[in-house]
**Q** 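Okay, handing you the structure first.
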Amino acid sequence: MRAAVFFFLLTSAISLVGANFILPLTSKIPRRLSKTLAHPKFRNPQSVVHLDGASFDSEYLINVTVGGQLFQVILDTGSSDLWVTNSNFSCVDANHTIVPPETCQFGPAKFNSSASTTFEPASPNVTFFVQYGSGEFLRGPVGFDTLEVAGISVTGQKFGIPNLNHFLGDNVSEGVFGLAYPGLTSVYNVAENGSLTQSPYTPFFFNAVEQNKLTEPSFSISLDRASLEQEENDPFDPKLGFFAFGTSVPVPVLNASITVPIQGYGDGFIPSDASDAQFFWYTIDIDSYIFPGSENLLTKSNNTILDTGAPMNKVPSRVAAAFNALFIPPATLNENSRYVVECNATAPTFAVVVEGEEFTIDPRDQIISGKDADGNKVCYSGTQDGGPDVPGNHFILGDVFLHNVVTTFNPIDRTMTLTQRAPY
Ligand SMILES: *[C@@H]1O[C@H](CO)[C@@H](O)[C@H](O)[C@H]1NC(C)=O
Ligand SMILES: *[C@@H]1O[C@H](CO)[C@@H](O)[C@H](O)[C@H]1NC(C)=O
Ligand SMILES: *[C@@H]1O[C@H](CO)[C@@H](O)[C@H](O)[C@H]1NC(C)=O
Ligand SMILES: *[C@@H]1O[C@H](CO)[C@@H](O)[C@H](O)[C@H]1NC(C)=O
Ligand SMILES: *[C@@H]1O[C@H](CO)[C@@H](O)[C@H](O)[C@H]1NC(C)=O
Ligand SMILES: *[C@@H]1O[C@H](CO)[C@@H](O)[C@H](O)[C@H]1NC(C)=O
Ligand SMILES: *[C@@H]1O[C@H](CO)[C@@H](O)[C@H](O)[C@H]1NC(C)=O
Ligand SMILES: *[C@@H]1O[C@H](CO)[C@@H](O)[C@H](O)[C@H]1NC(C)=O
Ligand SMILES: *[C@@H]1O[C@H](CO)[C@@H](O)[C@H](O)[C@H]1NC(C)=O
Ligand SMILES: *[C@@H]1O[C@H](CO)[C@@H](O)[C@H](O)[C@H]1NC(C)=O
């Protein structure tokens, strides 16, 4: 989400609990809606919940309770922590000067540890700290409490309760719920001189597996596309997707489906197939991107993350340049190196090929309504420049892609299943 800057890269080596590498199986599993709906677990209403759209449909929210207190938080497969705003928080500017709390634009609920009978504070010598590429940062205490998501309850879950926050929220969301691997968690040991060393912990999903709370160790997500009118006029859009533990989500799908391994990493965050590879994000290998003229372009990548917390796709520079030239009229780069398009432009066709299976993106997802720095309406291309294709640079398939597939994450087996959705 929001291109988190992984501070621990600068401060510490990563110490992930070693696990045997499981050779992932690759298979094509045609899954029809009738089959999906017939699945016995689908009848358990607790495990399937709605997502809401927020921030003009650039974010997807899920309800969670922490120590019995309800929060609407951003669903983020691109990070690993749960954090919720502290009832005792200060909002600060970029220079750590306190500004009015409204400046942070959090939703109304705040975590009050005194009001939870199950809350336990962590050692005062650890801190939660996350920083985003936008310059936003959040810092504060760490605690343990009972966390419930989609009817699944985990006790003693470590989480962040930031109280020193430089943030620009949406007036609705009150935190973030991360679903990625333990290696991306943001709790640090604080040395006497103030230096921070990452102290990875087990996040919610992995604890749910350890505590035997899930019959199947997987979760599935579908994110709906909103109408352009809704995107432009209404910051909140209820029921804009589904989240499910251990079963699929109730949306019609087509035959195109593929199960692929999650890509691991070696030193320096370079993709690695070695047996001691470590796992951080939901990274997959892309065979190619298909659009008119793409035949003559190298579009393969082994470092592309599926990220529900990222509204747009970010692909290698040469792919972005060739694709964005095909809008009618063509997209242009603005002063912030973002591709902008006429809101009434015609978007080119675009498909993502994963292990030979082609997943098409609806052209409506490729034009995103937004505002520029002066508050004027502007439309962005859904597929932006993610930088050069060099080892260590990762790319993103965000909501623009995820509107078109059902994604089933199986972090324990280290596989993901993508299934093309029926057009909607
Ligand atoms: C979250 O909970 C609130 C309060 O119960 C409810 O109004 C809202 O619809 C819920 N949102 C979702 C996505 O279930
Ligand atoms: C709230 O913050 C203030 C100042 O940072 C501190 O003195 C106080 O103990 C805190 N209260 C709680 C309940 O955390
Ligand atoms: C923060 O400090 C820098 C340099 O001291 C200054 O240029 C900038 O305007 C300050 N920003 C805010 C938000 O006060
Ligand atoms: C937190 O909860 C305690 C106990 O219920 C209450 O006394 C206190 O006023 C609450 N603090 C805030 C900031 O809501
Ligand atoms: C949040 O609310 C404030 C005050 O009502 C408003 O100025 C601001 O534009 C809102 N922000 C968003 C993202 O809706
Ligand atoms: C915290 O750190 C201080 C000094 O940095 C040390 O004296 C104290 O024992 C530590 N407390 C815990 C609970 O680790
Ligand atoms: C701070 O202390 C840690 C160990 O306690 C040490 O590794 C680090 O180099 C120190 N940093 C500075 C800036 O002194
Ligand atoms: C999907 O699969 C079914 C059963 O295997 C087959 O009958 C149907 O033709 C397929 N549809 C498409 C569009 O390939
Ligand atoms: C990933 O792709 C790069 C080229 O971009 C290549 O050098 C590297 O060997 C690949 N790694 C794996 C594990 O496939
Ligand atoms: C598209 O919008 C632009 C203004 O942004 C306008 O000049 C142009 O005529 C529109 N084109 C079509 C085909 O509606």
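All ligand and atom numbering here is 1-based and tracks the order in the structure. The first residue of the sequence shown is numbered 1, and numbering continues consecutively from there. All values below were derived from every heavy atom in this structure, side-chain atoms included, with hydrogens, water molecules and symmetry-related copies excluded.
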**Q** Output yes when a side-chain donor or acceptor of Asn324 lies under 3.5 Å from a complementary backbone atom of Tyr339, and no otherwise.
**A**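 Answer holds: no.
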**Q** Establish, yes or no, whether the cationic atom of Arg139 lies under 6.0 Å from the six-membered ring centre of Phe128 and within 45° of the ring axis.
**A**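 Cation-pi check for Arg139 and Phe128: fails.
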**Q** Is the shortest N/O to N/O distance between Asn302 and ligand 9 below 3.5 Å?
**A** yes
**Q** Let me know which of Asn404, Thr419, Ile258 forms a side chain to side chain contact (heavy atoms under 4.5 Å, CB included) with Phe359.
**A** Ile258
**Q** Would Pro391 count as a contact of ligand 9 if the rule is a heavy atom under 4.0 Å away?
**A** no
**Q** Verify the contact flag for atom 5 (O) of ligand 5, where contact means a protein heavy atom under 4.0 Å away.
**A**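 So atom 5 (O) of ligand 5 lacks protein heavy-atom neighbours under 4.0 Å.
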**Q** For Phe159, run the side chain to side chain contact (heavy atoms under 4.5 Å, CB included) check against Phe111, Tyr201, Phe204 and tell me which one passes.
**A** Phe111
**Q** Counting distance only, does the side-chain N/O of Ser58 pair as donor-acceptor with the main-chain N or O of Pro311 below 3.5 Å?
**A** no
**Q** Which ligand 6 atoms, with their elements, are less than 4.0 angstrom from a heavy-atom of Glu192?
**A**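 Matching atoms, with element in brackets: 4 (C), 5 (O).
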**Q** Looking only at protein heavy atoms, which one is nearest to atom 2 (O) of ligand 6, and what is the separation?
**A**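 Protein heavy atom at minimum distance: Asn125 ND2, 2.3 Å.
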**Q** Tell me which protein heavy atom sits closest to atom 13 (C) of ligand 5, plus the residue, atom name and distance to 0.1 Å.
**A** Gln105 OE1, 3.5 Å
**Q** Would you say atom 9 (O) of ligand 6 makes contact with the protein, given that contact here means a non-hydrogen protein atom less than 4.0 Å away?
**A**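 Looking at atom 9 (O) of ligand 6, one finds that no protein heavy atom lies closer than 4.0 Å.
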**Q** Which atoms of ligand 9 sit under 4.0 Å from any heavy atom of Asp273?
**A** 13 (C)
**Q** Report, in ascending order of atom number, the atoms of ligand 9 lying under 4.0 Å from any heavy atom of Pro271.
**A**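 It comes down to these atoms of ligand 9: 11 (N), 13 (C).
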**Q** Give me the residue, atom name and distance of the protein heavy atom closest to atom 14 (O) of ligand 5.
**A** Asn171 ND2, 3.4 Å
**Q** Hey, is the main chain of Pro348 close enough, under 3.5 Å, to the side chain of Gln366 for a donor-acceptor pair?
**A**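 Such a contact is absent between Gln366 side chain and Pro348 backbone.
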**Q** Is the backbone of Gln72 close enough, under 3.5 Å, to the side chain of Glu174 for a donor and an acceptor to pair up by distance?
**A**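 Confirmed, Glu174 side chain pairs with Gln72 backbone.
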